[in-house]
Amino acid sequence: MSPSRHSGYIPQDIEPKWQKVWADHGVMKAADDSPKPKFYDLVMYPYPSGDLTVGHARNYVMGDVLARMKRMQGFEVLHPFGWDAFGLPAENAAMKRGGMHPETWTLANIAKGRQELKMMGILYDWDREVISCLPDYYQWTEWLFLLFYERGLAYRAMAPVNWCPVDKTVLANEQVINGRCWRHPDVEVEKRDLEQWFFKITDYADRLLDDLQLLDKWPAKVRLMQTNWIGRSTGAEVDFPIDGLKGESIRVYTTRPDTLFGATFMVLAPEHPLVERITTEKQREKVREYVARARKASDIERLSTEREKTGVATGAFASNPLNGEKIPIWVADYVLMTYGTGAIMAVPAHDERDFEFADRYGLPIRQVIAPPGEPPSTSESRELRAPYVGPGLMVNSGEFNGLDSTGGIERVIAWLEARGLGRRAVKYRLRDWLISRQRYWGSPIPIVYCEVDGIVPVPRSQLPVLLPKEYKPLSENPGFYETTCPTCGRPARRETDTMDTFIDSSWYFLRYASPKDATEPFDPELANHWMAVDQYTGGVEHAILHLLYSRFFVKVLHDAGMVNVSEPFVRLFNQGMVKRFGQVMSKSAGNGVSPDELVSKQGADAGRIYEMFIGPPEEDVEWTDAGLNGVVRFLQRVWRLVMEPDSIVVEGSGAEGAPLERKAAQTVKKVTEHFDELRFNTAVAALMELANTMQSHLQNGGPRDATWESTVRVLVKLLNPLAPHVSEEMWERLGESGMLADAPWPAYNAAAAAVPEVTVVVQVSGKLRDRLTLPVGTPREKVLEAALASDRVRAAFDGRQPSKVVFVPDRLINLVP
RNA sequence: GUCGGCGUGGCGGAAUGGCAGACGCGCCAGCCUUAGGAGCUGGUGUCCGAAAGGGCGUGGAGGUUCGAAUCCUCUCGCCGACACCA
């Protein structure tokens, strides 16, 4: 793009200049001991994939705009950046490049990414940069693992785990989507029984759920997603004695104790430990065959709701503790071993799944809840067409008949508790967090296995457990795993799994508070100073994973006395993605625009404004070159207004100055509020309006007086967070002293911004005829007088007189002829 | 299936319950130019009208209100999350 005929400004001339000035002055360095109020402005640290496009940059520009404004407003702003640098893509990329070390690839991408962010004019306190794959970070990840271990929150267990056959590692539940690997939507995960490390996030389920209420500045959607993910349900555990096995019973969990009389059979999950013991001789072969088949089936098959339910009778019976009735015990794979007790009482009349199963296998269906307003069906027949799952009146339920089912829940629980047959219980969908990964490129788990002492945590004095230089699986590297027991000194074996990278990212925001601390993960005093994060910006894809894990970490650290806050992020914002040609922008998709390309053509400032103006920040937006050109035009017009006002052709003569003054004040108000609310698109629009007003002012022959001069400075200042280079350059050329980045944000002049008038809507016969702008406090008679004086109102009356005048709320009068 | 969100010009989108369409893109006309994918000016929801002005308009149908894109009910369409969690 060539410069226009007007001299204009050339971004390539001024952008590097100011970037250097800001760096030399340490503009975004955060002082720990500042007397100013703090503002912690954080963007989710990215994976250094080497694929940074202007699409990703949009997120960082948002953070930068806010940081720059908050700084000018007098806050001590902490605006740090770092890299989520461990993880599989580095290993994959390294393998593709013939055995290159993942670290080489990762650090090269980081160096490049850092440059690209700087050329966009985005300012961070780079002294606080965090790189999760370097020992001075991951040694503290190890340290924190030990803390979790000491607090009983890290345990090793044999469990059926999700195994991704492509990545050759296990996955957390959160990383399995519809039974497939989160990284490979085409690859089904397999079930394997393995000894793995878990973090006991379920211990915190209640607090993670309850504290969501404190997060009133989070999107409701994210809170809802976390609520559903934690999935708390309340009900009762009930023991059903097994026929012929004295003293033994099957424990089930139900949320509907009120339907207990309707339990006509029981179902065990195929993996249930009692299956083998209770099955009768006659059914043994069938049951074994069924269980074997169920174990082999993938989760995708098992969890499909489309599929018809299958099952097989064990031949055994149990008795209903409430009425002693004998009911058959079945095995079916629609019951999951991983939820509740792995066994259910089936109430086909009031549960859709049980109904479907009973219907298929001809099992009895007995109504025990009558829908409100319907006569209860007296029979125990199978005539019911569909299960009724709502509340109602308890029927066929012995002594509980006639009770409302909602209250009945409590009554039945009390009955069971009094006799020791059951008890109130709370269950969660949330499972413990599987953190082991069978990969090289991650934080080592600081554990040693000794034949004598068993599981031995590596003492803190022996941290860090360093990754070996040689890139090959840790389990095939004797130099790494051969060690001695820290307790007894005998030969022992190191844990060769590494930690899920989501552990690294669960505490990085704390490390920013004291990134160079060599004695602990973070300095509690500094962490307490900077926490909580005032503004956290990142993609919705982390609504559950990262945001739930981070909340869990902070609660644990809070309990350990290391931080005061119990929630890390005060305000959360999920930005939309940038698309181009209808697809999410990325280098690999071939539709990416690199910061390089943008800066060398239209300049960083135009790009920054365009990213903010392109659409609402939370929406996905489409990048177009035409739209970008519009912003280039806007910036050149601003330059002309500020630097070359003489070049604007005057077509009128004389104009009042008052509108200019008020417009400026209103723009300050709008831009300040819109930035605070992250409504960047409308903030840009407000600045465009101001520029348009200023241009009209000159074209109409308005004076370039003191009002004009101050309006110019307001425009240049308000523009600074969005287009820092060009506004800084204009500021200097206007002869102002000091950097604009250091100048105070324009005063929020409420009086000037407020409209001193009130608008009165005049209706005649219920139809809007005119609007009058009157001074605040105008008496009623005067309002009426003004209304009747209006041409439009007179025309509506068509010569007649109003017969009735109604003053309805403040801003309206209603005239009826 | 369950839960949640969203439907406004040719396009992206504005609008504390108060003149719908700010701002920008695109398009049209004019000016300026040797030229323009540069710049400037004006116009641009739709229908009637030369104009003034008026009718109709925020997916659809009702409702609340003096007044609804906005609040309520139903409905259609799109998008997202979860999906046998007892």
Side-chain angles (χ1 to χ4, degrees), chain A residues 1-6 8 177-179 219-225 227-229 231-233 235 252-256 259 267 269 302-307 309 332-336 338-347 350-354 356-357 389 427-431 540 543-544 609-610 613-616 618-634 636-637 640 647-649 651 679 681-692 695 699 759-763 765-771 792 795 806-816:
Chain A
M1 175 160 298
S2 60
S4 70
R5 159 171 326 229
H6 304 290
I177 295 149
N178 290 331
K221 182 183 169 186
V222 174
R223 282 185 295 171
L224 185 68
M225 284 169 73
T227 302
N228 292 339
W229 186 262
R232 178 161 69 191
S233 78
V252 304
Y253 172 72
T254 178
T255 54
R256 295 293 303 276
T259 64
V267 186
R302 271 190 70 172
L303 295 178
S304 165
T305 48
E306 314 293 298
R307 194 179 61 122
K309 298 201 177 358
D333 66 4
Y334 81 91
V335 173
L336 309 174
T338 46
Y339 184 79
T341 60
I344 62 158
M345 63 174 206
V347 185
H350 305 293
D351 181 280
E352 288 180 13
R353 297 150 299 178
D354 298 344
E356 195 189 314
F357 193 78
V389 298
K427 299 284 176 197
Y428 303 89
R429 210 191 83 115
L430 183 71
R431 313 286 154 75
V540 243
I544 293 174
I609 298 191
Y610 180 53
F613 185 57
I614 187 169
E618 69 280 9
E619 296 291 327
D620 290 353
V621 291
E622 175 78 18
W623 180 280
T624 65
D625 292 341
L628 180 55
N629 285 339
V631 174
V632 171
R633 271 201 286 274
F634 165 66
Q636 293 293 355
R637 197 158 74 242
R640 201 174 153 206
S647 71
I648 288 167
V649 180
E651 283 167 352
R679 295 164 58 205
N681 54 330
T682 49
V684 175
L687 285 168
M688 288 173 165
E689 275 189 68
L690 178 62
N692 291 347
Q695 181 154 341
Q699 279 165 356
T759 303
V760 176
V761 177
V762 184
Q763 292 184 355
S765 306
K767 207 169 162 93
L768 183 128
R769 287 299 167 186
D770 206 356
R771 274 162 189 271
R792 296 182 65 194
V806 196
F807 281 80
V808 214
D810 296 349
R811 301 168 67 185
L812 175 79
I813 58 173
N814 199 5
L815 312 174
V816 184

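Residue numbering restarts at 1 for every chain, and letters A, B, ... go by the order of the sequence lines.
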So A:L224, base contact, sugar-phosphate only, or nothing? Heavy-atom distance under 4.0 Å. sugar-phosphate
Would you mind pulling out the nucleotide paired to B:U34, Watson-Crick or G-U wobble, both distances under 3.5 Å? none
RNA chain B: 5'-proximal contact among A:R637 and A:E619 (nearest heavy atom): A:E619
A:M225 side chain, from C-beta outward: closest of B:A81, B:A14, B:C40: B:A81
Between B:A83, B:C40, B:G26, which one does the side chain of A:Q699 approach most closely? B:C40
Whole angstrom is fine here: how far is it from CZ in A:F357 over to C1' in B:A86? 14 Å
Given that both distances must come in under 3.5 Å, which nucleotide forms a Watson-Crick or G-U wobble pair with B:A20? none
Does a donor on one side chain and an acceptor on the other come within less than 3.5 Å for A:Y253 and A:S233? yes
Report the nucleotide, chosen from B:C25, B:G13, B:A86, that has the shortest atom-to-atom distance to any side-chain atom of A:A626. B:C25
Nearest-angstrom distance, C1' atom, B:A68 to B:A61: 15 Å
The Watson-Crick or G-U wobble partner of B:G9, with both key distances under 3.5 Å, is none
Counting only heavy atoms from other residues, nucleotides and ligands, does the tally under 6.0 Å from CD of A:E352 exceed 12? no
For A:Q695 and A:R637, which heavy atoms make the closest approach, and how far apart are they? OE1-CD, 2.8 Å
Per atom distances to the A:N681 side chain, the nearest of B:C25, B:A14, B:G39 is B:A14
Which nucleotide wins on minimum distance to the side chain of A:L336, given the candidates B:G24, B:A83, B:A86? B:A86
How far, in whole Å, is B:C28 from B:C78 if one measures between their C1' atoms? 33 Å
Residues passing the ring-ring contact (aromatic ring centres under 6.0 Å, His included) test with A:Y334, sequence neighbours excluded, are A:F357
Going by the glycosidic torsion and a 90 degree boundary from 0, is the base of B:G24 oriented syn or anti? anti
Tell me what A:G630 touches on the nucleic acid: a base, only sugar-phosphate, or nothing, going by heavy atoms under 4.0 Å. sugar-phosphate
In this structure, how many angstroms lie between the P atom of B:C79 and the CD atom of A:E618, rounded? 19 Å
Answer for the Watson-Crick or wobble partner of B:A50, both distances under 3.5 Å, is none
Quick one: are A:R640 and A:S647 in side-chain contact, heavy atoms under 4.5 Å? yes
Between A:L687 and A:F634, is any pair of side-chain heavy atoms under 4.5 Å apart? yes
Could you work out which one of B:A38, B:G13, B:A86 sits closest to the side chain of A:R633? B:A38
Toward the 5' end of RNA chain B, by each residue's nearest nucleotide, A:T624 or A:Q695: A:T624
Does any nucleotide pair with B:U65 by Watson-Crick or G-U wobble geometry, both distances under 3.5 Å, and what is it? none
Can you tell me how far P of B:C82 sits from CG of A:N228, to the nearest Å? 10 Å
Specify the separation, in whole Å, of atom NZ of A:K427 and atom C1' of B:A86. 11 Å
Provide the Watson-Crick or G-U wobble partner of B:C3, both distances under 3.5 Å; none if there is no partner. B:G80
So, taking the atom named CE in A:M688 and the one named OG1 in A:T682, what distance separates them when rounded to the nearest 0.5 Å? 12.0 Å
Looking at RNA chain B, which of residues 683-691 of chain A put a heavy atom within less than 4.0 Å of it? A:A685, A:M688, A:E689
B:U44 - base-pair partner by Watson-Crick or wobble geometry, distances under 3.5 Å: B:G26
Nucleotide paired to B:C74 in any strand shown, Watson-Crick or G-U, under 3.5 Å: B:G60
Please report, rounded to the nearest Å, how far the C1' atom of B:G1 is from the CD atom of A:E356. 12 Å
With respect to the side chain of A:N692, which nucleotide from B:A86, B:C40, B:C23 is positioned closest? B:C23
